Amino acid sequence: YKNFPFLIRAFKQVKTPNAHLSILGDGVDRPQIEAEIKAQGMESRITLLGYRPDPWSHYEKAALFVLPSDSEPFGLVVVEAMALGLPVVSTDCEGPREILENGRYGPLVPQGDEAAFAAAIDAALENPGGPDQRIRRANDFSVETGVDNYERLMNDILGGLTLPSARIQEKTEQVTKR
């Protein structure tokens with residue numbers, strides 16, 4: 001569902017001089033991906049790095065993150081890339097659409113449109129914009145923010161009722177003050 005053959009064909013159309021694509025990860029589709037790279041004559045512009053336990057070190061060296069998925073329920077890799085300030089280009093699917101807020105934080109390209117994906121890559125490489133807005137957006141998906149949002153939701157649902165755990169904490173504080 002990551003659709004690397006689509007990405008390879010789209011990347012062949014990228015016009016930015018010296019643009020190079022590195023693909024992290026490994027799996028049963030590797031022979032198909034290698035065959036597509038060879039069929040497109042892209043061996044000098046695309047590197048398959050395989051599985052890496054430290055993908056963040058590769059994000060730090062990158063100028064751009066791309067996600068060519070046909071389907072992506074969330075897309076943690078998009079949040080990770082944005083947390084490091086990277087611009088993101090993604091196909092328009094569930095998770096990235098939410099994370100990129102319908103294209104506000106990075107272009108969403110219709111699935112299957114190789115020319116549009118290549119153009120979005122070129123545009124992002126030419127004008128990546130500042131990282132601050134992307135970093136702030138990634139923080140919207142942090143554990144801390146999630147817990148705070150969940151707590152607000154529970155308080156809204158309970159209509160201001162004090163949760164039993166909060167009552168226990170209040171009683172514990174009262175006892176320790178004595």
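All figures in this text were calculated on a predicted structure; none of them were measured in a lab. FYI, side chains are in, hydrogens and waters are out, and symmetry mates aren't considered; it's all heavy atoms of this structure.
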Engineer: With the side chain counted from C-beta on, respond yes when Glu98 and Phe141 share a heavy-atom pair under 4.5 Å apart, and no when they do not.
Structural biologist: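 A side-chain contact under 4.5 Å exists here.
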
Engineer: Would you call Pro5 and Asn3 a side-chain contact if the rule is heavy atoms closer than 4.5 Å?
Structural biologist: yes

Engineer: Determine, step by step, whether His20 and Thr47 satisfy the side chain to side chain contact (heavy atoms under 4.5 Å, CB included) criterion, reporting the C-alpha distance in whole Å, the side-chain angles of both residues, the deciding distance to 0.1 Å, and the verdict.
Structural biologist: CA-CA 8 Å; His20 188 87; Thr47 303; 2.7 Å; yes

Engineer: Under 4.5 Å between any side-chain heavy atoms of Glu60 and Leu84, yes or no?
Structural biologist: yes

Engineer: Quick one: are Val14 and Arg45 in side-chain contact, heavy atoms under 4.5 Å?
Structural biologist: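 Yes - at least one pair of side-chain heavy atoms lies under 4.5 Å apart.
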
Engineer: Taking all heavy atoms of Pro128 and all of Pro87, pick out the closest pair and write down the distance.
Structural biologist: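 Shortest heavy-atom contact: CB-CG, 3.8 Å.
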
Engineer: Provide the closest heavy-atom pair for Ala116 versus Val109 in the form atom of the first, atom of the second, distance.
Structural biologist: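 Ala116 and Val109 have their closest heavy atoms at CB-CG1, 3.6 Å.
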
Engineer: First locate atom NZ of Lys2, then atom CD1 of Ile33, and finally report the distance between them rounded to the nearest 0.5 Å.
Structural biologist: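 These two atoms lie 11.5 Å from each other.
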
Engineer: Does a side-chain heavy-atom distance below 4.5 Å link Val79 with Ile99?
Structural biologist: yes

Engineer: With Asp122, which residues qualify under salt bridge (Lys or Arg N to Asp or Glu O under 4.0 Å), at least two apart?
Structural biologist: none

Engineer: Are Met82 and Leu67 connected in a single hydrophobic cluster, I mean Ile/Leu/Val/Met/Phe/Trp/Tyr linked by side-chain heavy atoms less than 4.5 Å apart?
Structural biologist: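 Linked within one cluster.
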
Engineer: Decide whether Leu49 and Leu86 are clustered together by the hydrophobic rule: side chain heavy atoms of Ile, Leu, Val, Met, Phe, Trp, Tyr closer than 4.5 Å, transitively.
Structural biologist: no

Engineer: I need the minimum non-hydrogen distance between Ala118 and Gln13, along with the two atoms involved.
Structural biologist: CB-CB, 3.6 Å

Engineer: Check salt bridge (Lys or Arg N to Asp or Glu O under 4.0 Å) between Asp92 and all other residues, then give those that pass, not counting sequence neighbours.
Structural biologist: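 Arg97.
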
Engineer: Supply the atom-to-atom distance Cys93 SG to Phe74 CZ, rounded to the nearest 0.5 angstrom.
Structural biologist: 12.0 Å

Engineer: Quick check on the hydrophobic clustering: are Val88 and Ile135 connected, directly or via other members, by side-chain heavy-atom contacts under 4.5 Å?
Structural biologist: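 No; Ile135 is not reachable from Val88 via cluster members.
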
Engineer: Just verifying a value: how many Å separate Leu125 CG and Lys15 NZ, rounded to the nearest 0.5 Å?
Structural biologist: 13.0 Å

Engineer: Within this structure, what is the OG-CD distance for the pair Ser71 and Gln111, rounded to the nearest 0.5 Å?
Structural biologist: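 Going from OG on Ser71 over to CD on Gln111, the span is 8.0 Å.
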
Engineer: Would Val78 and Ile121 show up in the same hydrophobic cluster when neighbours are defined by side-chain heavy atoms closer than 4.5 Å?
Structural biologist: no

Engineer: Going by an N to O cut-off under 4.0 Å, is there a salt bridge joining Lys38 and Glu34?
Structural biologist: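 Salt bridge absent between Lys38 and Glu34.
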
Engineer: Going by the rule salt bridge (Lys or Arg N to Asp or Glu O under 4.0 Å), which residues pair with Glu101 if we only count those two or more places apart in sequence or in a different chain?
Structural biologist: Arg104, Arg137

Engineer: For Glu72 versus Ser69, what's the shortest heavy-atom pair and its separation?
Structural biologist: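 Looking at all heavy atoms of both residues, the closest pair is OE1-OG, 2.7 Å.
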
Engineer: Nearest 0.5 Å please: distance from the CD atom of Glu114 over to the CD1 atom of Ile8.
Structural biologist: 10.5 Å

Engineer: With sequence neighbours excluded, what pairs up with Phe65 under the ring-ring contact (aromatic ring centres under 6.0 Å, His included) test?
Structural biologist: Tyr59

Engineer: Between Leu24 and Val77, is the side chain to side chain contact (heavy atoms under 4.5 Å, CB included) condition met? List the steps.
Structural biologist: CA-CA 11 Å; Leu24 297 174; Val77 292; over 6 Å; no

Engineer: Quick one: ring-ring contact (aromatic ring centres under 6.0 Å, His included) partners of Phe11, sequence neighbours excluded?
Structural biologist: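 Phe11: no ring-ring contact (aromatic ring centres under 6.0 Å, His included) contacts found.
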
Engineer: Does a side-chain heavy-atom distance below 4.5 Å link Phe117 with Thr91?
Structural biologist: yes

Engineer: Would the number of heavy atoms belonging to other residues, nucleotides or ligands and lying under 6.0 Å from CD of Glu126 be above 12?
Structural biologist: no

Engineer: Side chain to side chain contact (heavy atoms under 4.5 Å, CB included), that's the test. Do Phe4 and Ile23 meet it? Break it down for me.
Structural biologist: CA-CA 9 Å; Phe4 289 116; Ile23 298 176; 3.7 Å; yes

Engineer: Please find the pair of heavy atoms, one from Leu100 and one from Ser90, that lie closest to each other, and give the distance.
Structural biologist: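 Closest pair (atom of Leu100, atom of Ser90, distance): CD1-CB, 4.0 Å.
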
Engineer: If you look at every heavy atom in Arg30 and Asp26, which pair is closest and at what distance?
Structural biologist: CD-OD1, 3.1 Å

Engineer: Can you name the residues that form a side-chain contact (heavy atoms from CB on, under 4.5 Å) with Ala124, not counting sequence neighbours?
Structural biologist: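 side-chain contact (heavy atoms from CB on, under 4.5 Å) list for Ala124, sorted by chain: Leu64, Val89.
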
Engineer: How far does CG of Leu7 sit from CE of Met42, to the nearest 0.5 angstrom?
Structural biologist: 9.0 Å

Engineer: With a 4.5 Å limit on heavy-atom distance, are the side chains of Asp70 and Phe6 in contact?
Structural biologist: no

